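Notes to accompany the following structure.
These numbers come from the heavy atoms of this one structure, side chains and all, not from hydrogens, waters or symmetry mates. The structure displayed is predicted, hence computed values, not measured ones.
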Protein chains: 2
Amino acid sequence: MSITIKDVAKKAGVSISTVSRVINSSKPVSSEIRQKVLKIIEDTGYQPNPIARSLVMKKSQLIGVVVPDISNFFIGEILNGIEEIGKMYGYDILLCNTYGQLEQELRYLNLLQAKQVEGIVFMTWKLQDQLVEYIEKIDTPVVLINRNTSKLLIPSVSIDNFQAAYEMTKYIFDNGHKKIALIRNSLDQDAFGFDQFRGYQKALEENGLEIDDNLVRYGNFKLENSYEIVKEFIQKDILPTAIFATSDVMAIGAINCLLDNGYEVPGDVSVVGFNDIKLASIYRPNLTTIHQPIYDIGAVSIRIIVKMINKEELDSNVVILPHELVERDSSKKIK
Amino acid sequence: MSITIKDVAKKAGVSISTVSRVINSSKPVSSEIRQKVLKIIEDTGYQPNPIARSLVMKKSQLIGVVVPDISNFFIGEILNGIEEIGKMYGYDILLCNTYGQLEQELRYLNLLQAKQVEGIVFMTWKLQDQLVEYIEKIDTPVVLINRNTSKLLIPSVSIDNFQAAYEMTKYIFDNGHKKIALIRNSLDQDAFGFDQFRGYQKALEENGLEIDDNLVRYGNFKLENSYEIVKEFIQKDILPTAIFATSDVMAIGAINCLLDNGYEVPGDVSVVGFNDIKLASIYRPNLTTIHQPIYDIGAVSIRIIVKMINKEELDSNVVILPHELVERDSSKKIK
DNA sequence: GTGAAAGCGCTAACAC
DNA sequence: GTGTTAGCGCTTTCAC
């Protein structure tokens, strides 16, 4: 059995309240006694039982993190930020993987509350209404990642997906492309996928281009999926000169398909991505893409949660981090 | 304030022990009362406080997972297995990221014990003696991932790195290569990196080849690192016909360097990897590599931890999972 | 400045 | 079968 506060108190010849006071510096203790207690703690290697402490303080020092896929490249990088900053504030991370399934998401949200986590960082591919409803109802602070919640009560952190997609589309257009396919994410209307679509739309319209429904396709974040879409472009002989995929992995799927079918990138087709995951600069050709401050997204989300836990006022419900268009080797000018 | 067992007891007009009994089915309760209590639990949405329960049961239902890099591709995939099987057994995952730094590793090991986790899954790049010593000393069950601990007391799960590296080297040799570089991991002698080296060594020796010290190099799991190594090969004009990197990411670093310098893969140089992370079949050329059952490694590690928690006998301290050589497009026969 | 005692929400003897 | 009670290890009034 490990050593408790009682043991320390006994050895020090003081009451447990006194020991508690020196541990927490919650009230003044005479320097003499403090030293004695400290010494005994040192000697015995006593560590306060956080569970007992949690029980009385009603604080678990735990933050739940719900993600749709731990092994997803983008998410892995976000987790780095979450973990590091979380630990900085003394919070441990309870990790939950939902595979993006609503049922799992609801289950974990419930489980995490039962576990008394103090806050939840939530990420999903598709933010279903039922989820929003549930999240807005619960007491535990929740912050959403990678999703603009300006219409909701839930705080969030993301980049300006509309603006980023606009810039990227404009960039492609400025490079001489007139046929620009969009492989977007199949998501609900309030999602970032919709914002991105609007950005794409605006850039085309501004430049007098019409949206070609054949060239706007829904992907599902999977490489195989964009691969198939491009295959269809080829088969139907409607291959555009540029493809804008709203995730790097989908961009790579597109490029792989092109390469497999004897096309050159960017020689025949320019392909650009979104996110700038590590892979974007590992893969050849290096991806032209929208750089997101991925680590910071995780870091900021924790900072928000901590503020909410401490009942501090949030400057804003929606935090928008800066993005940047990174020009690499998968796109080129045409005339 | 949320509802407690007391409230339920009062509403049901029974004692709290009875409520506890129906919650835990720990002792028979008359069907009539059981129904009544169940109904009230249903109505009130009562959920037992796991912290209070932990305090008295001395069980936290938490498993600590310590990894050197959450965003590492290989580790992300392992985490999937850990999370899923862990949840299956009712355990939550406390995630800790160490960046492979001994100081952090020790700190987290300590923190996790203080948090009363019931077991720890531990992963690191370099298993330092100090760590082994510490782990062997503590009461909390620990299992090591991706490391053969046959000489230690600590259980582990991994593949047969020696055999796998042997097979891969032999495969390359059988493809006609006589100059085979090895980019191995710079690790302590008991590590899998050493086993892999021995496998490489054996395959060469069996075939009457000598080890060329210029061609056996230490990488550090980083892409940039193997990139530099290959650059040096080129500069010194000692480029071999085949490069065996003991991680897929390092293999890709090698290929990138070759491509950047105008070489073809596998045209001029065959490059093979190790692990078979998702990226291995996304990257072009697809990597010839050693397939590890990555998800299963995570899954099995949790099963072992659960057995240890339950004080069940382990069949074996060291679990070796099967591997497989996967032939893809980054290697070819030469004459 | 210090100690006694109550109580966080729960489980598990122990009685009946 | 059911209720009473004693803790689990800690924080925090409330006295002194």
| said: With a 4.0 Å limit, can you tell me whether B/K59 has a side-chain N or O closer than that to the phosphate oxygens OP1/OP2 of C/dT11? | reply: no

| field | Atom pair distance, as rounded to whole Å: CD1 in B/I23 and C1' in C/dA12 | value | 14 Å

| query | Cut-off 3.5 Å, side chains only: do B/Q116 and B/S54 have a donor facing an acceptor? | reply | no

| query | Got a donor-acceptor contact below 3.5 angstrom from the A/R147 side chain to the A/M123 backbone? | reply | no

| message | Just the rounded figure in Å: distance from C1' of D/dT13 to CG of A/N24. | response | 15 Å

| field | Modelled atom types, side-chain donor and acceptor of A/S71 and B/K278, under 3.5 Å | value | yes

| query | Among the nucleotides C/dG1, C/dT2, D/dC8, which one has an atom lying closest to any side-chain atom of A/V29? | reply | C/dT2

| task | State which of C/dT11, D/dT11, C/dG9 makes the closest approach to the side chain of B/I16. | result | C/dT11

| B/K6 side-chain N/O to C/dG7 phosphate OP1/OP2 under 4.0 Å | no

| query | Are a donor atom and an acceptor atom from the side chains of A/T18 and A/S15 found within less than 3.5 Å of each other? | reply | yes

| message | Is B/S30 close enough to D/dT2 that one of its side-chain N or O atoms is under 4.0 Å from OP1 or OP2 there? | response | yes

| remark: side chain to side chain contact (heavy atoms under 4.5 Å, CB included) with A/P155: of A/V318, A/N317, A/V319, only one passes, and it is A/N317

| request: Kindly point out which of D/dT2, D/dG9, D/dT5 is positioned nearest to the side chain of B/I33? | output: D/dT2

| When the distance from CD of B/Q61 to P of C/dC10 is rounded to whole Å, what number comes out? | 15 Å

| request: Give one of base, sugar-phosphate or nothing for B/K27, where a contact means two heavy atoms less than 4.0 Å apart. | output: base

| request: Please tell me which of B/A52 and A/S26 maps to the more 5' nucleotide of DNA chain D, matching each residue to the nucleotide holding its nearest heavy atom. | output: B/A52

| message | Heavy atoms only, 4.0 Å cut-off, all strands: where does A/S17 land among base, sugar-phosphate and nothing? | response | base

| query | Can we say A/D43 and A/K39 salt-bridge, meaning some charged N sits less than 4.0 Å from an Asp/Glu carboxylate O? | reply | yes

| task | Give the nucleotide from the list C/dG1, C/dT11, D/dG3 with an atom nearest to the side chain of B/V14. | result | D/dG3

| task | Check the distance between D/dG7's C1' and B/R53's CZ and give it to me in whole angstrom. | result | 17 Å

| field | Given C/dC8, C/dT11, D/dT2, the nucleotide with the shortest approach to the side chain of A/K58 | value | C/dC8

| query | Between atom CZ in A/R21 and atom P in C/dT2, what is the gap in whole Å? | reply | 8 Å

| said: Distance check needed: C/dT11 C1' versus B/L55 CG, whole Å only. | reply: 10 Å

| query | So, is B/T18 near the phosphate of D/dG3, with a side-chain N or O under 4.0 Å from OP1 or OP2? | reply | yes

| said: OP1 or OP2 of D/dC8 versus the side-chain N and O atoms of A/N49: is any pair under 4.0 Å? | reply: no

| field | Euclidean distance, atom CG of residue A/D7 to atom C1' of D/dG9 [Å, nearest integer] | value | 10 Å

| query | In whole angstrom, what separates A/Q116's CD from C/dG9's C1'? | reply | 9 Å

| request: Give B/P48 one of three labels, base, sugar-phosphate or nothing, depending on what nucleic acid heavy atoms sit under 4.0 Å from its own. | output: sugar-phosphate

| query | So does A/S15 get a side-chain nitrogen or oxygen closer than 4.0 Å to the phosphate oxygens (OP1/OP2) of C/dG3? | reply | yes

| task | Could you please name the option among C/dG9, D/dT11, C/dC10 that lies closest to any side-chain atom of A/M57? | result | D/dT11

